[in-house]
Amino acid sequence: MIYRARHLQDDRLFECYLAERHGEPMDLPAAEHLADCGPCGSRYADLATFMEALRRDGEAEADAVFTPDWLKTQQQQIAHRLEHVGRPARVISFPEPSARRAMTASVSRTAPRWVAAAAAAGLFVGVALTASYEWGSQARAARQRIALDAATPRPRVTPAVGRVESNAADEAFLSELEFALERPHTRELLAFDALTPHVREVSVK
Amino acid sequence: MSGELRTLPGPAIVEPDTRALGAVPRRRPATAPLAEDSQLAVDIRALVERGELDEARERFSALVALHQRRALRIAYQYLRDSAEADEAVQDAFVKVFSHSADYREAWPFEVWFTRILINGCLDRRKARARRDRWLVAGEISSADEARGATGADANPEHRLLARERRARLASAINRLDGRQRTVFMLCHYGDCTPREVSVMTGLNESTVRVHLFRAARKLRGLLGGRP
């Protein structure tokens, strides 16, 4: 343990590497130790080799992608983009004026007015005619209904009997529905179905 | 992913926080000469303010040429898609030109630009993550794969091995924590020092170093000591 404590820690080795790489003065005791201690010198060499290989690989990869031609093209693109800096944006006009120019003056100005006036008049006449026809037909129908009511005697219906008959018809209809559907197809609902009183059971009781 | 998206605070284009910058030793002394790109940015800002846009555009092309390759490397490592990386870089340059009046010499141009670029890349990753919930995402686009296949190495076996190695590397980087990935990308592929990364991300420099160390350790573990 005592022997290892004398060696440079990894962080100090890394500081030495950074100082050397950026041309800064290395910590003097660390530099002396590196010069004297073989294992630490070897560790330092490994670290420096690893870091340099990392950098070399990264730079080589980027340089392979960004060739001199690419750089030149990019410079041109940047210059092109800078031309528009500080200038107001150009507004591109909508092609509507050119389409209007193709039309003659009389057509472009008078025709829409006549068309609008004719359409409005037609609409007004149509609505008025429809309203008057409906009013006439409704009045005729009302007169016919009154005359018919006066001529035909009303059948005498016993209210209680009618209600019972309609209830029986409803029950029969619902029972038919239930028979048609039988049981619910969903298994989870069977329990609910068993608990629920059915119309046919009520009517039987 | 969500942690990563908050790595770089603030909107896409952020004015330098003078308090934060004051705490960072990276701040340039008033008498120090400006770097070439920063000087160009100052000139472009002056031209834009005077309304000489054509001249400003011409000067800006030099700025594009200076940072284009590095920007593409960073964007490509973030997005793993050449078309998206291309668009992200273009957008970043256009944003820089449009907001050139906001540039302050307190920041090196490289830092300002990289911050804008990374914010754009993070937005795109976020949008892609949303998209990928509904669509099947590929690891690498077929166009990129085809381009990789026509690389300098003519040996098919070597090409295949290189492709596998890159796929493993991309997968390992993708498994890093959001902040670790951002810091690692900027330091490793963006050639930024930990101080510059701390200015870009708003993180403390020692925090950047810790993230960087942890990222490297995790990558070594994932890749078995060699990429």
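Excluded from the calculations below are hydrogen atoms, water molecules and symmetry mates; all remaining heavy atoms, backbone and side chain alike, are included. This one's a predicted model, so the numbers in the text were calculated from it and none came from an experiment. Quick note on labels: first sequence line is chain A, next is B, and so on, each numbered from 1.
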#### Entry: Working for side chain to side chain donor-acceptor pair (under 3.5 Å), residues A:Thr67 and A:Asp69
CA-CA 5 Å; A:Thr67 58; A:Asp69 287 343; 5.2 Å; no
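B:Gln90 touches chain A through backbone and side chain together, each having a heavy atom under 4.5 Å away. Of the atoms belonging to B:Arg73, heavy atoms from both backbone and side chain fall under 4.5 Å from chain A. Looking at B:Ser98, both its backbone and its side chain come within 4.5 Å of chain A, counting heavy atoms on both sides. Within the 4.5 angstrom heavy-atom criterion, no atom of A:Leu13 approaches chain B. Contact annotation for B:Leu53: only side-chain heavy atoms (C-beta onward) come within less than 4.5 Å of a heavy atom of chain A. For B:Ile173, no part lies near chain A; criterion is any non-hydrogen pair under 4.5 Å. Residue B:Asp54 touches chain A through its side chain alone, counting heavy-atom pairs closer than 4.5 Å. Using a 4.5 Å cut-off between heavy atoms, B:Ala65 touches chain A through backbone and side chain atoms alike.
In this view, B:Arg69 and A:Asp63 satisfy the salt bridge (charged side-chain N to carboxylate O under 4.0 Å, His left out) rule, not counting sequence neighbours.
A salt bridge links A:Glu59 with A:Arg55: the distance from a Lys NZ or Arg NE/NH1/NH2 to an Asp or Glu carboxylate oxygen falls below 4.0 Å.
Both cation-pi conditions hold for B:Arg80 and B:Tyr76: the charged atom is under 6.0 angstrom from the six-membered ring centre and inside a 45 degree cone around its axis.
Remark: B:Glu36 CD is loosely packed, at most 12 non-hydrogen atoms of other residues, nucleotides or ligands lying under 6.0 Å away.
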Contacts under 3.5 angstrom, residues 134-144 of chain A side chains, donor-acceptor by atom type, not counting sequence neighbours:
from	atom 1	to	atom 2	distance (Å)
A:Ser137	OG	A:Tyr133	O	3.3
A:Ser137	OG	A:Glu134	O	2.9

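Partner of B:Val183 under the side-chain contact (heavy atoms from CB on, under 4.5 Å) criterion, out of B:Leu176, B:Asp177, B:Val197: B:Val197 alone.
The residue among B:Ala172, B:Ala216, B:Gly51 with the most heavy atom pairs within less than 4.5 Å of chain A is B:Ala216.
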